[in-house]
Amino acid sequence: MGYLGDSLLTAVELILSFDREVRMTVWTSLYTSSCAIVLAALLGVPSGLWLGISRFRGRRLLITLLNTLMALPTVVVGLLLFGLLSRQGPLGYFGLLFTPLAMIAGQTLLATPIVANLVLAAVTGADERIINTALTLGASRLQAVIQLLREVRFGVMAAVIVGFGRVIAEVGVAMMLGGNIRGSTRTMTTAIALETSKGEFAFGLALGLVLLGVALLVNLGLNLLQQR
Amino acid sequence: MGYLGDSLLTAVELILSFDREVRMTVWTSLYTSSCAIVLAALLGVPSGLWLGISRFRGRRLLITLLNTLMALPTVVVGLLLFGLLSRQGPLGYFGLLFTPLAMIAGQTLLATPIVANLVLAAVTGADERIINTALTLGASRLQAVIQLLREVRFGVMAAVIVGFGRVIAEVGVAMMLGGNIRGSTRTMTTAIALETSKGEFAFGLALGLVLLGVALLVNLGLNLLQQR
Amino acid sequence: MVELKNIDLKRGDFTLSIERLLLQSGELYVLHGANGAGKSTLLQLLALLLPPERGELIYAGRLVHWSERRLRPLRQEITLLEQSPLLFSGTVEQNLAFGLKVRNIPSDKQQQRIERALETVDLQGFSRRSVKQLSGGEVRRVALARALVLEPKLLLLDEPTANLDAGQVTALERLLVSLPHRGMSIVIASHDTQQSPWLGGKIIRLQKGCLDKDESGLKAVADQQ
Amino acid sequence: MVELKNIDLKRGDFTLSIERLLLQSGELYVLHGANGAGKSTLLQLLALLLPPERGELIYAGRLVHWSERRLRPLRQEITLLEQSPLLFSGTVEQNLAFGLKVRNIPSDKQQQRIERALETVDLQGFSRRSVKQLSGGEVRRVALARALVLEPKLLLLDEPTANLDAGQVTALERLLVSLPHRGMSIVIASHDTQQSPWLGGKIIRLQKGCLDKDESGLKAVADQQ
Amino acid sequence: DHLRLATTTSTENSGLLAELLPPFEQANDCKVDVIAVGTGKAIKLGENGDVDVIMVHARSKEDKFVAAGFGVDRRDVMYNDFVILGPAGDPADIKGSTDAVAAMAKIAAGKSTFVSRGDDSGTHSREKQLWKKAAVTPAGDWYLEAGRGMGEVIIMAGERRGYTLSDRGTYLAFKAKTELQIAVAGDKGLFNPYGVIMVNPQKHAHVKVELAKKFLDYLVSAPARTLITGFRKAGEQLFYVAE
Ligand SMILES: Nc1ncnc2c1ncn2[C@@H]1O[C@H](COP(=O)(O)OP(=O)(O)OP(=O)(O)O)[C@@H](O)[C@H]1O
Ligand SMILES: Nc1ncnc2c1ncn2[C@@H]1O[C@H](COP(=O)(O)OP(=O)(O)OP(=O)(O)O)[C@@H](O)[C@H]1O
Ligand SMILES: [Mg+2]
Ligand SMILES: [Mg+2]
């Protein structure tokens, strides 16, 4: 299949042509993934921290359940939310199915366990003296925990990066809950899936390269942020 | 949609009936994911370690590229390997397309950057004295690095768990490279996708629950392993 | 200032049990005891970091309740320099600023106090240095400065002279003797049996988790109440 | 045993420069110097953990090449007890066994040597204890035992008496004096200026990264060659 | 205003809708949101009321859908045809035949590899129908149930040098990527009618009845018919309108 070489060319063309439709899907992908990862961080970082520093009966079981949630297939998340958001479902009234909001919800569900787990791992590996040192310097419990977070920032950053990679690369949720509607919920991954199913392999791969390029830019940005 | 409730019932029935076909897909999923995660660990753990302890020009850029690879969509991995393995491709001679081997290769590609990155994050957060302490006690460089690995085992375990979750939950690679052939390359996720496309939502979700159950068992196993 | 009553505190197989101990304001106490006697454990208890299994701790006349919300204002008056102190990643200055920031001290004042504290430990010019680039003794001095800059009412020092060179030890001893005059109470855990007479502090002796009743230092403490 | 020639070693703004230093077999050296003088840096160099930017290190008559493969056999003859030692997670026994395992010592012999080393630091019965459940002094004693159990030819101790109680210090000093008779060379970094005469060791003085030439101790060393 | 249309992947992928929809969108100042999914799922979306209109090709299922009261106002829009694809070697020796049922029987008799969609799609339903007529119960090593989209199944059949049933449009799209050639075509039994159905507004009040009705009318109007019959892919006509 000569399409491996072709796709590189097509990718360059696509980027240079600055095609309106490509721009639109790039934007939709970025927008939904960013919203989802921010929400996932807001949910996952505190959960991971809490699981990391507190000790209670059933904690290990809870952690195992959280680990299991990482094996949640996108299609299953899609099905679950579909059941809720569809017109027949309990939240059907709001007509959220096939909107970016539905995608964001699904992707958040997907990324939160990942973020929580990795923050937990970072906290588990951290120096045990951090919290007590902060407390004896007069910090409140919250301030001490925030200091802990700063000390394990590499781990937290890794958590966010892995989560972001997960949501921007996923296709099941975007497909089921977004519906791959041209000009509104078509993301780069659903577009790739569509092109592939049309037999436009080179074009699909080219879109994949564009996606990787976008992810690279995001990661370079996060990298700069981290170095400051 | 009443299917949320139905699916639970169907899941229980499926498990109790111990259906041969369900057993087969569970086995294919487990088998390919396990092989893939073992390979990904063999590749990813050393890479992550190496990136974590060595210092050279361009290291940060390499890390950013590795971060970017986590945003590799499954469809893109599928397309890439498809181009290599198909009859027209350079490795077409071996006829590996639509075999479990092809799936394992794709899933390994998918999980390796995740494992490498998370091991890297764990090493970055580790105490800097570990290697030197081991060296001065007479360890070889390799033995010192192995000791480092033991000290950050929580992080390494998290890396493997996240990677496993990623491959057992992914559908794109299994679909494109395995082909979802009944009785041979049908995994739980491709089966779920198929049932969903048929409109058999309850059955799809039930399979999803079975998948989560399997993942839970695996995680309980890993958990026991970790506590020893 | 602080009173302990019928305290029991378990750590693994070890138990710290103190029937009665009274520490008074503006005094300097030296805590002696062999390795594993429970000195650090006692200091962590006094720093309100380790809750006892049993017994009462009375701080400034009020019974201490071990709930986070109530502990915080008390902890702001107490600071512990740990035996092997942890510096937060970042610069020396950031470490010293931490305690001031959580007390909402205006930043110009912060700057002043940080400079003064660094002078006290003879580390002028180190403020921008990353904590990763410090020698062993420098680490301990930064941690000491980080405690001193807070001007706590109760200062707990766990072997503050370990790793310090002779000049630093003398300077620290001089400083420590002067602090009680400013109303600060100080408890120093120390192995250096030569040190305490020089410092003129009252001696508290710990042995296997118990106060040594026959020791003159403790008697003096017990008698005063 | 070890000879340093024209060494330059940079750490941030600090440079350790040593024109010449000769350490002989079966001798005990005491390294004195203020905080930040470069004692730990020198010990890490001698432990072959920090390569110099410039200069030569001659160990047992042979020039040291800074390649991992060649360093390893030499490192097995040298052990450094760091200023703030890190214990590996696990039990005390696992920590002591580490160095023996990498030397492929049979496990019954390991057991014997571990028990003997723990006795030396007065920690009998601690072998199954998790390192997380140790007091500050106990941590240092375990690290000391972990170095002693290896019976290295060159033993480098960075402030080994910090955090030790008086009894432990005496015992350690007695031990250290006896080791050179068994052909071991020892270098101790220490602030305790009282200690060295008692130990009878030769004194090496460091000041801001340089050897203090006028010191009798160093002269003695330089003269002997 | 948005009108939601659930349709099969093959329709969307052929590119017909991209030509057919814009005139309607302009005339009515609306946008038709196309959700391309499998036939089964498209019907399910209709049952749920998550879309306003569905356009599929599985007559028996469509009738069931209407009979159950989920849809109203079914119209025949167009048809295309299925073809049986086979490898260049043609091991079953069916090339050039116009009798689909006989060809299927020969494939089964010779145990030549056959790749089935296996996904209850319109194409799969038709394949099962053909097996039934040929009095064959397909099973065994030679019969691969892939459970995937049409394009992927063509690729797979090509890789495995086997036969498969495909709609002509998808085959044209994948022609360059496979060695498969058309073995059987032109049989009346291979015709594939598309129907369009409005979701029953009595079941789902939010269905945009007005717009949906206009859309149905448009699809069977003369201008739409011209567009459908005039649509070419690789120079070939793909869709025909019912007389
Ligand atoms: N990793 C590092 N990077 C940069 N500078 C360092 C580093 N480690 C130590 N230094 C600096 O090098 C100098 C010498 O440090 P060293 O640890 O050798 O001193 P020392 O004599 O052992 O002091 P102490 O008595 O405090 O242990 C100090 O000024 C210190 O700030
Ligand atoms: N986290 C812990 N869990 C269990 N036991 C502990 C823990 N920390 C300390 N211990 C044990 O408690 C006892 C008292 O420890 P503590 O640190 O208070 O001693 P110390 O008087 O400060 O000794 P040192 O002079 O060595 O610092 C020791 O026997 C120690 O082994
Ligand atoms: Mg202590
Ligand atoms: Mg030092």
Side-chain angles (χ1 to χ4, degrees), chain A residues 1-4 60 63-65 67-76 78-80 82-84 86 88-89 114 117-118 120-122 124-127 152 154-155 157-158 161-162 164-166 168-172 176 188-189 192-193 196 201 204-205 208 211-212 215-216 219-220 222-223, chain B residues 1-4 7 60 63-65 67-76 78-80 82-83 86 88-89 114 117-118 120-122 124-127 152 154-155 157-158 161-162 164-166 168-172 176 188-189 192-193 196 201 204-205 208 211-212 215-216 219-220 222-223:
Chain A
M1 324 239 50
Y3 71 80
L4 292 182
R60 287 223 64 89
I63 292 175
T64 306
L65 286 176
N67 284 340
T68 305
L69 280 188
M70 289 196 298
L72 206 58
T74 53
V75 215
V76 172
L79 277 172
L80 280 172
F82 187 91
L84 288 177
S86 141
Q88 290 318 70
I114 295 178
N117 250 301
L118 293 181
L120 165 63
T124 310
D127 197 307
V152 299
F154 284 109
M157 201 53 149
I161 290 175
V162 175
F164 180 77
R166 180 76 177 107
I168 201 165
E170 80 80 31
V171 57
M176 291 227 24
M188 283 190 278
T189 53
I192 295 169
T196 307
F201 293 168
L205 205 50
L211 172 58
L212 282 181
L216 179 61
N219 277 309
L220 282 173
L222 287 175
N223 195 352
Chain B
M1 325 245 27
Y3 75 80
L4 293 181
S7 62
R60 287 223 65 87
I63 292 175
T64 307
L65 286 176
N67 284 340
T68 305
L69 279 187
M70 289 195 299
L72 207 58
T74 53
V75 214
V76 172
L79 278 174
L80 281 173
F82 186 89
S86 101
Q88 265 107 324
I114 294 177
N117 250 301
L118 293 180
L120 165 62
T124 310
D127 197 307
V152 298
F154 284 109
M157 203 52 150
I161 290 174
V162 175
F164 180 75
R166 179 76 177 107
I168 201 164
E170 80 81 34
V171 57
M176 291 229 22
M188 282 189 279
T189 54
I192 295 167
T196 307
F201 295 164
L205 204 50
L211 172 56
L212 281 183
L216 180 62
N219 277 309
L220 282 173
L222 288 176
N223 194 353

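Remember, it's a predicted structure, so these values are computed and weren't measured experimentally. Just so you know, these numbers use all the heavy atoms, side chains as well, and skip hydrogens, waters and symmetry mates. Note on naming: letters A, B, ... go to the chains in the order of the sequence lines (proteins, then strands), and numbering restarts at 1 for each one.
Taking chain B as the reference chain and counting heavy-atom pairs below 4.5 Å, the highest number among A/T124, A/V152, A/L65, A/D127 is found for A/T124. Among A/L222, A/T189, A/L220, the residue making the largest number of heavy-atom pairs under 4.5 Å with chain B is A/L220.
Heavy atoms closer than 4.5 Å to chain A are found in the side chain of B/M176, but not in its backbone. Looking at B/T196, the atoms closer than 4.5 Å to chain A (heavy atoms on both sides) all sit in the side chain, from C-beta outward. Within the 4.5 angstrom heavy-atom criterion, only side-chain atoms of B/L118, from C-beta onward, approach chain A. B/L72 touches chain A through backbone and side chain together, each having a heavy atom under 4.5 Å away. For a residue to count as touching a neighbouring chain, one of its non-hydrogen atoms must lie under 4.5 Å from one of that chain's; by this rule B/V162 touches chain A with backbone and side chain alike. For B/L211, the part lying near chain A is the side chain, with the backbone staying farther off; criterion is any non-hydrogen pair under 4.5 Å.
Within the 4.5 Å cutoff, the side chain of B/I192 has heavy atoms near those of the A/L79 side chain. When side chains are defined from C-beta on, B/I161 does not count as touching A/N117, because their heavy atoms never get closer than 4.5 Å.
Put simply, CZ on B/R166 and CD1 on A/I114 are 8.0 Å apart, with the number rounded to the nearest 0.5 Å. The CG atom of A/N67 sits 11.0 Å away from atom CZ of B/F164, with the distance rounded to the nearest 0.5 Å.
Listed here is the closest heavy atom pair of B/A215 and A/A71: CB-CB, 3.5 Å. Pairing each heavy atom of B/A193 with each of A/V75, the nearest pair is CA-CG1, 4.4 Å.
Defined by atom type and a distance below 3.5 Å, a donor-acceptor pair is present between the side-chain atoms of B/N223 and A/T64.
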